[in-house]
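Inspection log for the structure reproduced underneath, given as structure tokens.
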Protein chains: 2
Amino acid sequence: MALAQAILTSLLEKPCTGAELARRFDKSLGHFWQATHQQIYRELGKLEQDGLVRAHGLAATRGQQRHFEVLATGKAALESWCAEPGEPRPIRDELLVRLRAAAVLGTVDVRVELLRHQGMHAQTLDRYLAIEANDFPADAQKTVADELQFAVLRAGIVYEQSWLNWCEQTLSHAPAIQKPALVEVWPPAD
Amino acid sequence: MALAQAILTSLLEKPCTGAELARRFDKSLGHFWQATHQQIYRELGKLEQDGLVRAHGLAATRGQQRHFEVLATGKAALESWCAEPGEPRPIRDELLVRLRAAAVLGTVDVRVELLRHQGMHAQTLDRYLAIEANDFPADAQKTVADELQFAVLRAGIVYEQSWLNWCEQTLSHAPAIQKPALVEVWPPAD
DNA sequence: GCACACATGTAAGATGTTACATGATTAG
DNA sequence: CTAATCATGTAACATCTTACATGTGTGC
């Protein structure tokens with residue numbers, strides 16, 4: 001639902017081709033809204049059909065670059081969407097399902113996986129902190145737009161930090177989890 | 001991908017009907033893995049076809065209760081999945097797209113939406129803390145399974161806390177954001 | 001019988017993922 | 001010319017969401 005708006009935002013910053021858009025998604029927007037190039041091309045097609053963006057270049061020709069730019073209608077649509085209320089996403093991490101399953105099964109050691117996740121979150125956090133140091137130094141004057149972009153980056157930072165914290169906390173109880181006893185929760189049925 | 005495993009876990013704890021499963025998802029598993037009753041019925045159908053669960057009751061008859069229980073093959077499948085490595089989910093919240101869009105548009109006041117989210121996260125956090133106080137009192141002896149379930153709940157708690165923190169931090173910069181100046185980022189194209 | 005809640009199911013569309021196919025461009 | 005790479009596109013499928021449809025049981 002927000003993919004179209006993310007694309008409009010990125011195109012407003014700078015018109016470009018679909019491939020360029022996909023590359024930019026990987027680098028900045030992709031930190032908090034991922035999309036494959038297929039999703040992007042599909043969405044660009046819809047946006048063009050709806051008259052929100054305009055393309056320079058022939059449609060439906062492979063290999064040919066098509067530059068996209070946002071039309072006034074597209075900017076207006078983005079503005080109106082931007083003012084709409086939305087719901088926050090609840091957590092939805094496979095790892096939690098694994099832990100819950102491990103709690104019921106009582107035969108799985110989750111420490112290795114917890115350590116893996118700790119490492120991955122630490123790595124992502126480092127990436128974000130590097131961006132912060134580079135793009136938002138503490139002593140620099142920030143415009144309003146900078147503050148907002150910084151807020152988005154900070155969301156990523158606190159998100160990764162909270163997962164890291166959680167991994168540490170959970171691992172600190174690891175001796176109890178490492179070799180769990182088998183707990184029968186229900187007569188095995190078959 | 002993890003829905004099947006979440007269902008197996010829940011059914012291992014206690015066999016039940018699809019509707020009961022949907023209700024239980026709303027209450028416990030649903031805190032970190034949401035599913036509608038349609039998703040659950042579809043997944044139950046697949047699990048039955050794959051021979052991982054067994055149903056008591058006629059198939060494809062509306063209105064009739066069908067009780068499901070996990071077979072030994074299902075438990076084995078869950079165990080093997082549980083030991084697999086997985087990737088953590090990156091953040092993916094519409095609010096961040098809105099902030100990014102607001103940064104580019106320069107005409108949208110995001111404070112109201114930030115306050116709304118602050119309230120919603122506070123509410124969810126309260127719900128989690130109530131569960132903690134009720135199910136995991138600090139002085140109680142915890143089994144291994146308890147520790148794991150508690151870890152899952154704590155993930156929800158730190159997640160909500162980090163969003164709350166972020167909302168406060170971001171709102172503290174609100175005077176700068178409240179009435180942003182219009183910033184031209186690109187010649188309006190149309 | 002009738003209204004209502006409950007359990008299950010179908011259908012359609014949006015969104016996401018994965019794999020592959022084709023034309024253009026460029027380096028050797 | 002050939003191979004590699006880039007830009008774009010198609011196809012198939014899994015997942016998720018929303019709306020609606022149908023049969024069962026319960027209370028009045």
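Quick note: numbers below take in every heavy atom, side chains included, and nothing from hydrogens, waters or symmetry partners. Quick note on labels: first sequence line is chain A, next is B, and so on, each numbered from 1.
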Worksheet item: Does Arg24(A) pair with Glu20(A) as a salt bridge, N-O distance under 4.0 Å?
Response: yes

Discussion item. From C-beta outward on Trp33(A), which listed nucleotide comes closest to its side chain: dT17(C), dG16(C), dT8(C)?
Written reply: dG16(C)

Item to complete: Please name all residues satisfying salt bridge (Lys or Arg N to Asp or Glu O under 4.0 Å) with Arg42(A), sequence neighbours left out, ordered by chain then number.
Response: none

Worksheet entry | Interatomic distance where CD belongs to Gln34(B) and P belongs to dC16(D) [whole Å] | 10 Å

Discussion item. Looking only at the side chains, is there a donor atom on one of Glu79(A) and Thr107(B) sitting less than 3.5 Å from an acceptor on the other?
Written reply: yes

Discussion item. With a 4.0 Å limit, can you tell me whether Arg42(A) has a side-chain N or O closer than that to the phosphate oxygens OP1/OP2 of dG16(C)?
Written reply: no

Fill in: Contact list for DNA chain C against residues 84-100 of chain A - heavy-atom distance below 4.0 Å
none

Worksheet item: Between Glu94(B) and Arg98(B), is there a salt bridge with N-O shorter than 4.0 Å?
Response: yes

Discussion item. Can you tell me if Lys46(A) touches the phosphate of dT15(C), counting only side-chain N or O atoms and a distance under 4.0 Å to OP1 or OP2?
Written reply: yes

Practice prompt. Show your working on side chain to side chain contact (heavy atoms under 4.5 Å, CB included) between Leu96(A) and Trp33(B) and close with a plain yes or no.
Written response: CA-CA 9 Å; Leu96(A) 298 182; Trp33(B) 202 273; over 6 Å; no

Discussion item. Nearest whole Å is fine: how far is dA5(C) P from Gln65(B) CD?
Written reply: 18 Å

Worksheet item: Which residue pairs pass the ring pair (Phe, Tyr, Trp, His ring centres under 6.0 Å) test when at least one of the two sits in residues 108-146 of chain A, sequence neighbours left out?
Response: His31(A)-Tyr128(A), His121(A)-Trp163(A), Phe136(A)-Phe150(A)

Practice prompt. Select from Ala35(B) and Ala19(A) the residue whose nearest nucleotide in DNA chain D is closer to the 5' end of that strand.
Written response: Ala19(A)

Item to complete: To the nearest Å, give me how far apart CD (Glu48(A)) and P (dG9(D)) are.
Response: 9 Å

Worksheet item: Should Gln39(B) be listed as having a side-chain N or O under 4.0 Å from OP1 or OP2 of dC16(D)?
Response: yes

Item to complete: Nearest whole angstrom, please: distance from the C1' of dC6(D) to the CZ of Arg24(A).
Response: 17 Å

Worksheet item: Can you tell me how far P of dG23(D) sits from CZ of Arg66(B), to the nearest Å?
Response: 17 Å

Item to complete: Could you tell me the separation between the CD atom of Glu43(B) and the P atom of dT15(D), rounded to a whole number of Å?
Response: 6 Å

Fill in: Between dT15(D) (P) and Leu47(B) (CG): distance, integer Å
11 Å

Discussion item. Test of understanding: with salt bridge (Lys or Arg N to Asp or Glu O under 4.0 Å), list the residues that count as partners of Glu147(A), not counting sequence neighbours.
Written reply: none

Fill in: Spacing between Leu44(A) atom CG and dT8(D) atom P, to the nearest angstrom
9 Å

Worksheet item: Counting only side-chain N and O atoms of Thr36(A), is one of them less than 4.0 Å from OP1 or OP2 of dT18(C)?
Response: no

Worksheet entry | Qualifying residues under salt bridge (Lys or Arg N to Asp or Glu O under 4.0 Å), relative to Glu132(B), sequence neighbours excluded | none

Worksheet item: Toward the 5' end of DNA chain D, which comes first, Glu20(A) or Leu3(B), by nearest nucleotide?
Response: Glu20(A)

Item to complete: Start with the C-alpha gap between Gln149(B) and Ser28(B), add the side-chain angles, then the distance that decides, and say whether side chain to side chain contact (heavy atoms under 4.5 Å, CB included) holds.
Response: CA-CA 10 Å; Gln149(B) 294 210 19; Ser28(B) 71; over 6 Å; no

Item to complete: Sugar-phosphate means primed atoms, P, OP1 and OP2; the rest is base. With that split, encode nucleotides 20-26 of chain C 5' to 3' as B, S or - using protein heavy atoms under 4.0 Å.
Response: BBBBS--

Discussion item. Side-chain N or O of Tyr41(B) versus OP1/OP2 of dG9(C): is the shortest distance under 4.0 Å?
Written reply: no

Discussion item. Using side-chain heavy atoms (C-beta onward) and a distance below 4.5 Å, is Glu48(A) in contact with Arg54(A)?
Written reply: no

